[in-house]
Amino acid sequence: MNVRHAAITLAIISLALLAGCTQQKMEARRDATVAALAQYPGNPQRSDTVTVAAVDYPADKRFELYNMGDQPITNAKVWVNQRFVKEVGRIPARGSVNIKYADVLEQGAGVQDLAQYARGISAVELQTPDGLFTVLGPSRK
């Protein structure tokens, strides 16, 4: 009975690990698809309802987006240097999201990510279904 219990436990753990790996692969494919199909919309606007600030942590190869508004931002994509894109989904009201450089991919057929881009972050913009908006910063830490 103990051997059978151990075998079942091992099988459950193996399936859980496999599911985690599969989910990571699916997210990577989704991110690559988003970047491949993305086109920089241009003409960012200022907004009273979409108030976001960016803080860059170049030594850690990551940046954070802070939603300073009272409403969550949904269905968002972040654009970096008008060339790299990452779907961020939802930024909670008065909350933030942490984004790794390696997860921000070059638009189009490129395979470069922001971590490979030697020039760093000079501009950050946020695209929602309502348009493309300027982001305060990036400030560097």
Side-chain angles (χ1 to χ4, degrees), residues 2-141:
N2 287 339
V3 173
R4 184 174 181 194
H5 181 67
I8 291 171
T9 302
L10 182 60
I12 291 171
I13 292 171
S14 297
L15 286 174
L17 290 173
L18 181 61
C21 290
T22 302
Q23 183 177 0
Q24 288 176 342
K25 287 179 183 178
M26 289 175 59
E27 287 176 12
R29 277 192 200 136
R30 185 196 69 222
D31 290 348
T33 301
V34 166
L37 298 176
Q39 290 188 346
Y40 177 71
N43 197 25
Q45 305 294 312
R46 289 191 161 270
S47 172
D48 293 330
T49 58
V50 178
T51 309
V52 177
V55 178
D56 184 18
Y57 299 87
D60 297 335
K61 295 201 179 280
R62 68 179 181 90
F63 63 98
E64 286 186 87
L65 295 177
Y66 293 91
N67 178 1
M68 297 183 292
D70 293 325
Q71 298 297 319
I73 297 171
T74 57
N75 300 319
K77 291 179 188 171
V78 62
W79 285 90
V80 177
N81 300 346
Q82 301 177 349
R83 182 173 163 187
F84 296 88
V85 64
K86 165 78 173 142
E87 198 169 70
V88 293
R90 184 178 194 278
I91 307 172
R94 304 272 178 207
S96 66
V97 293
N98 186 41
I99 301 167
K100 296 177 188 174
Y101 284 11
D103 293 338
V104 184
L105 302 176
E106 188 173 17
Q107 72 176 0
V111 293
Q112 184 174 4
D113 63 45
L114 188 58
Q116 298 169 326
Y117 186 66
R119 295 190 186 127
I121 296 177
S122 59
V124 179
E125 296 158 332
L126 195 69
Q127 183 180 4
T128 72
D130 297 324
L132 182 68
F133 300 101
T134 58
V135 170
L136 301 172
S139 133
R140 285 176 186 67
K141 289 266 183 164

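Remember, predicted model here, so these are calculated numbers, not experimental data.
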Participant: If I compare all heavy atoms of Thr51 with all of Ser47, which pair ends up nearest, and what's the gap?
Facilitator: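 Nearest heavy atoms, Thr51 then Ser47: OG1-O, 3.9 Å.
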Participant: Restricting to non-hydrogen atoms, name the atom on Val55 and the atom on Lys141 that form the minimum distance, rounded to 0.1 Å.
Facilitator: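 Taking every non-hydrogen atom into account, CG1-CG, 3.4 Å.
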Participant: Between the main-chain N or O of Asn43 and the side-chain N or O of Gln45, is there a donor-acceptor pair closer than 3.5 Å?
Facilitator: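 Here the side-chain-to-backbone pair exists.
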Participant: Here's a test for you: under side chain to side chain contact (heavy atoms under 4.5 Å, CB included), which of Val135, Val104, Leu132 qualifies with Trp79?
Facilitator: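 Exactly one pass, corresponding to Leu132.
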Participant: Taking atom CG of Leu105 and atom CD of Gln116, what is their separation to the nearest 0.5 Å?
Facilitator: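 CD of Gln116 is found 9.0 Å from CG of Leu105.
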Participant: Test side-chain hydrogen bond (donor to acceptor under 3.5 Å, both in side chains) on Tyr40 and Glu125 and set out the steps.
Facilitator: CA-CA 10 Å; Tyr40 177 71; Glu125 296 158 332; 2.7 Å; yes
Participant: Roughly how far apart are Tyr66 OH and Asn98 CG, rounded to 0.5 Å?
Facilitator: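 Interatomic distance, Tyr66 OH to Asn98 CG, rounded to 0.5 Å: 8.0 Å.
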Participant: What's the separation between atom CD1 in Ile99 and atom CG in Leu65, rounded to the nearest 0.5 Å?
Facilitator: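 Answer for the CD1-CG pair, Ile99 versus Leu65, is 4.0 Å.
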Participant: Asn67 and Arg94: side-chain hydrogen bond (donor to acceptor under 3.5 Å, both in side chains), yes or no, with the steps?
Facilitator: CA-CA 5 Å; Asn67 178 1; Arg94 304 272 178 207; over 6 Å; no
Participant: Kindly give the heavy-atom pair with the smallest separation between Ala115 and Ala102, and that separation in Å.
Facilitator: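 Heavy-atom minimum between the residues: CB-N, 4.0 Å.
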Participant: Can you check side-chain contact (heavy atoms from CB on, under 4.5 Å) on Tyr57 and Glu64, steps first, answer last?
Facilitator: CA-CA 8 Å; Tyr57 299 87; Glu64 286 186 87; 3.4 Å; yes
Participant: Once rounded to the nearest 0.5 Å, what's the spacing between atom NZ of Lys100 and atom NZ of Lys61?
Facilitator: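 These two atoms lie 13.5 Å from each other.
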Participant: If we only count heavy atoms from C-beta on, is the Asp130 to Val50 side-chain gap below 4.5 Å?
Facilitator: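 No, too far: nothing below the 4.5 Å cut-off.
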Participant: Passes side-chain contact (heavy atoms from CB on, under 4.5 Å), Phe63 versus Asp60? Steps please.
Facilitator: CA-CA 8 Å; Phe63 63 98; Asp60 297 335; over 6 Å; no
Participant: Once you round to the nearest 0.5 Å, how far does OG1 of Thr49 lie from CD1 of Ile73?
Facilitator: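 Reported value, rounded in 0.5 Å steps: 8.0 Å.
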Participant: Do Thr128 and Phe133 have side-chain heavy atoms sitting under 4.5 Å apart?
Facilitator: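 With C-beta onward as the side chain, the pair touches.
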Participant: Using only atom types and a distance under 3.5 Å, with no angle test, would you say the side chain of Asn81 pairs donor to acceptor with the backbone of Gly120?
Facilitator: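 Such a contact is found between Asn81 side chain and Gly120 backbone.
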